[in-house]
There are 2 protein chains.
Amino acid sequence: MPRIIAERADTLPAIAEVFREYGYEGASLALIGKATGLGKGSLYHFFPGGKEEMASAVLAEIDGWFETHMFGPLRDSREPERAIETMFDSVESYFRSGRRVCLVGVIALGDARERFAQPVSGYFKRWVDALADALVRSGRDRLPARALAEEVVAGIQGAIVLARALDDPGAFGRTVTALRVKTRPEPKVSRAASRTRDRSHTRRQG
Amino acid sequence: MPRIIAERADTLPAIAEVFREYGYEGASLALIGKATGLGKGSLYHFFPGGKEEMASAVLAEIDGWFETHMFGPLRDSREPERAIETMFDSVESYFRSGRRVCLVGVIALGDARERFAQPVSGYFKRWVDALADALVRSGRDRLPARALAEEVVAGIQGAIVLARALDDPGAFGRTVTALRVKTRPEPKVSRAASRTRDRSHTRRQG
DNA sequence: CCGTTCGTGTACCAATCGGTACAAATAGAA
DNA sequence: TTCTATTTGTACCGATTGGTACACGAACGG
């Protein structure tokens with residue numbers, strides 16, 4: 001029999017798309033087999049634990065990607081504001097303007113949530129923590145930074161829901177941009193509109 | 001045979017909970033039968049179209065509830081700011097601090113989205129429109145009102161995801177409260193003084 | 001008292017589910 | 001070549017899926 005797939009890791013992107021599209025329960029082995037081009041024999045060879053192991057592997061890979069490209073820089077970068085901007089760039093390209101769904105979020109909403117409670121909560125907890133950390137290091141107080149971080153992460157997840165529901169990728173971009181602006185250090189002394197007001201509240205909190 | 005269920009509408013809350021918990025695909029007739037206490041015979045008597053008709057009926061009922069309790073008041077109330085506050089109250093109690101999931105959002109994320117595209121997009125479109133309308137009538141300009149409305153609706157959906165993922169209902173409350181504050185006419189003066197001011201901007205729109 | 005209608009449970013259907021077993025086929029070492 | 005370990009396709013398993021058929025029982029009009 002020919003060897004098509006060299007590594008188990010090569011199958012993960014295709015499997016991830018199936019889980020994204022159909023959810024954990026709806027992702028049947030038939031669909032996964034079609035997406036990967038592998039029969040059950042190969043699938044169970046790579047993932048002896050069946051669907052649960054496939055989902056775990058996919059979640060771990062996603063987690064690793066976010067850890068490398070977003071959480072790590074948010075925590076470690078010496079330019080936290082730049083790391084935050086980069087995070088928003090990554091979010092916009094990764095979720096493809098809301099056309100691509102967040103698998104972790106999907107699992108959190110479904111009944112597979114309990115089975116994957118630890119990776120799911122870990123992913124979101126580390127996201128919020130890392131973003132809050134970057135916000136603190138860019139000059140905000142700890143409590144409002146944490147509140148803003150939660151708001152941003154929730155807003156991104158909601159933007160995906162809204163964009164898909166309305167079938168309007170623009171809704172994703174608009175919402176994410178609004179969140180992006182809100183994380184910038186100097187709030188909203190913007191262009192031409194509120195010239196008369198901004199003098200009165202420059203002495204806000206740190 | 002005894003008549004337990006008087007009306008078809010009496011089954012909808014139970015069916016809705018099953019769809020919420022397991023999604024459209026995951027909600028099997030066995031689960032629905034158990035939740036309603038009805039056998040397949042009765043279910044197909046009430047819903048000749050099967051699962052699809054059940055889901056449509058549930059979506060319609062949810063839509064009606066939101067239309068009556070939230071969208072309508074947002075559009076029609078002569079006190080738009082009060083209607084907005086009431087909306088947030090309703091959201092907090094309806095979604096039970098994120099323990100209860102938004103079925104429309106769940107369907108929007110899954111592969112049943114296309115099948116129910118019209119009711120799903122209609123629900124969110126009318127929510128955003130109604131909220132934007134209330135925000136305009138409470139004194140905001142059209143464009144920022146619409147942007148804020150989208151941000152709020154997305155934020156609510158995301159708060160559900162986040163609260164469930166973290167298994168922390170507090171995250172829902174915090175995020176929703178932040179959104180609520182943001183919709184208030186005078187952002188961040190002190191606590192109670194805003195009531196004396198609103199006389200001054202009734203000259204806004206007509 | 002009968003007959004129709006409505007509500008209900010149950011048996012059944014083909015299809016598909018996740019998972020197992022296993023034999024065929026390949027690649028690499030000898 | 002020959003042997004062995006690794007990949008692979010496929011047949012099969014019991015359970016469950018959405019859906020149909022139908023017969024039984026209560027309610028109701030005559």
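The sequence lines fix the lettering, A, B, ..., with proteins before strands; numbering per chain opens at 1.
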Is the shortest distance from a Lys or Arg side-chain nitrogen in [X] or [Y] to a carboxylate oxygen in the other one below 4.0 Å?
X	Y	result
B:Asp168	A:Lys125	no
A:Glu79	A:Arg137	no
B:Arg99	B:Asp167	no
B:Arg146	B:Glu151	no
B:Arg100	B:Glu21	no
B:Glu85	B:Arg82	no

(message) Please confirm whether the shortest side-chain N or O distance from B:His45 to OP1 or OP2 of C:dT8 is below 4.0 Å.
(response)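 For B:His45, the contact criterion (side-chain N or O under 4.0 Å from OP1 or OP2 of C:dT8) is not met.
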(request) Could you tell me which residues satisfy ring pair (Phe, Tyr, Trp, His ring centres under 6.0 Å) with A:Tyr44, sequence neighbours excluded, listed by chain and number? (result)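 None.
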(message) Let me check I have this right: for DNA chain D, each base becomes ., (, ), [, ] or |, based on Watson-Crick or G-U pairs with both distances under 3.5 Å. What is the full string?
(response) .|||||||||||||||||||||||.||||.
Between the protein and nucleotides 16-21 of chain C, list the N/O to N/O atom pairs that are separated by less than 3.5 angstrom.
unit_1 : atom_1 : unit_2  : atom_2 : d
C:dC17 : OP1    : A:Ser28 : OG     : 3.0
C:dG18 : OP1    : A:Ala27 : O      : 3.3
C:dG18 : OP1    : A:Lys51 : NZ     : 3.1
C:dG18 : OP2    : A:Leu29 : N      : 2.7
C:dG18 : N7     : A:Lys40 : NZ     : 3.4
C:dG19 : OP2    : A:Tyr44 : OH     : 2.8
C:dG19 : OP2    : A:Lys51 : N      : 3.3
C:dG19 : O5'    : A:Tyr44 : OH     : 3.1
C:dG19 : N7     : A:Lys40 : NZ     : 3.1
C:dG19 : O6     : A:Lys40 : NZ     : 2.1

Could you give the [atom1]-to-[atom2] distance, from [X] to [N], as a whole number of Å?
X	N	atom1	atom2	answer
B:Ile32	D:dG19	CD1	C1'	13 Å
B:Lys34	C:dT10	NZ	P	14 Å
A:Arg8	D:dT8	CZ	C1'	18 Å

(message) Do A:Trp127 and A:Ile156 make a side-chain contact, defined as non-hydrogen atoms from C-beta onward lying under 4.5 Å apart?
(response)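 A:Trp127 reaches A:Ile156 side chain to side chain.
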